[in-house]
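Notes follow the structure.
Values below: all heavy atoms of this structure, side chains included; hydrogens, waters and symmetry mates excluded. Position 1 is the first residue of the sequence, and the numbers go up from there.
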Amino acid sequence: MAKKLNKLTKVNESFTVNRYDNGFMIEVGGRDDDNEWKNCKILCSTEAELIEVIKEALSMELDS
């Protein structure tokens, strides 16, 4: 699976998951290469895709 959070180099301590009739949306905030705040909103059509994005976020460096 291609990296979905590619515009982030560090992630915040929390993320938000919204459940819809036709899938999910995960919102992950953090910082980019220039140390600027960024926010990623990823639409996932399946639970498996959502889990992959969550695993990706959990594997990234925290912005603390």
Side-chain angles (χ1 to χ4, degrees):
M1 180 176 174
K3 187 173 177 185
K4 300 284 189 173
L5 302 174
N6 56 359
K7 70 178 180 180
L8 298 177
T9 56
K10 295 180 181 181
V11 294
N12 295 335
E13 294 175 341
S14 63
F15 49 82
T16 303
V17 174
N18 292 302
R19 184 175 178 179
Y20 301 116
D21 290 339
N22 61 348
F24 306 90
M25 183 197 64
I26 181 168
E27 184 175 358
V28 182
R31 298 208 181 239
D32 66 6
D33 287 329
D34 298 323
N35 208 31
E36 297 290 328
W37 290 107
K38 294 289 180 186
N39 207 24
C40 291
K41 291 183 180 181
I42 309 293
L43 297 174
C44 303
S45 57
T46 66
E47 185 178 316
E49 186 179 1
L50 173 66
I51 297 300
E52 287 300 315
V53 177
I54 290 172
K55 286 181 180 179
E56 182 181 341
L58 294 174
S59 71
M60 296 176 72
E61 181 180 353
L62 281 178
D63 181 34
S64 49

Give a yes or no on whether L5 and I54 share a hydrophobic cluster (residues Ile, Leu, Val, Met, Phe, Trp, Tyr; joining criterion: side-chain heavy atoms under 4.5 Å apart).
-> yes
What side-chain donor-acceptor pairs closer than 3.5 Å can you find for residues 57-64, not counting sequence neighbours?
{"from": "S59", "atom 1": "OG", "to": "E56", "atom 2": "O", "distance (Å)": "2.8"}
{"from": "D63", "atom 1": "OD2", "to": "R31", "atom 2": "NE", "distance (Å)": "3.1"}

Exercise: identify the closest heavy-atom pair between K3 and L8 = NZ-O, 4.3 Å
Within a radius of less than 6.0 Å around CG of D33, do more than 12 heavy atoms belonging to other residues, nucleotides or ligands occur?
-> no
Taking only distance into account, with no hydrogens and no angle test, what donor-acceptor pairs under 3.5 Å do side-chain atoms of residues 15-29 form with protein atoms, sequence neighbours excluded?
{"from": "E27", "atom 1": "OE2", "to": "N39", "atom 2": "ND2", "distance (Å)": "2.5"}

Go through the structure and list residues passing side-chain contact (heavy atoms from CB on, under 4.5 Å) with D34, not counting sequence neighbours.
-> D32, E36
Pair K4 + E49, salt bridge at N-O below 4.0 Å = yes
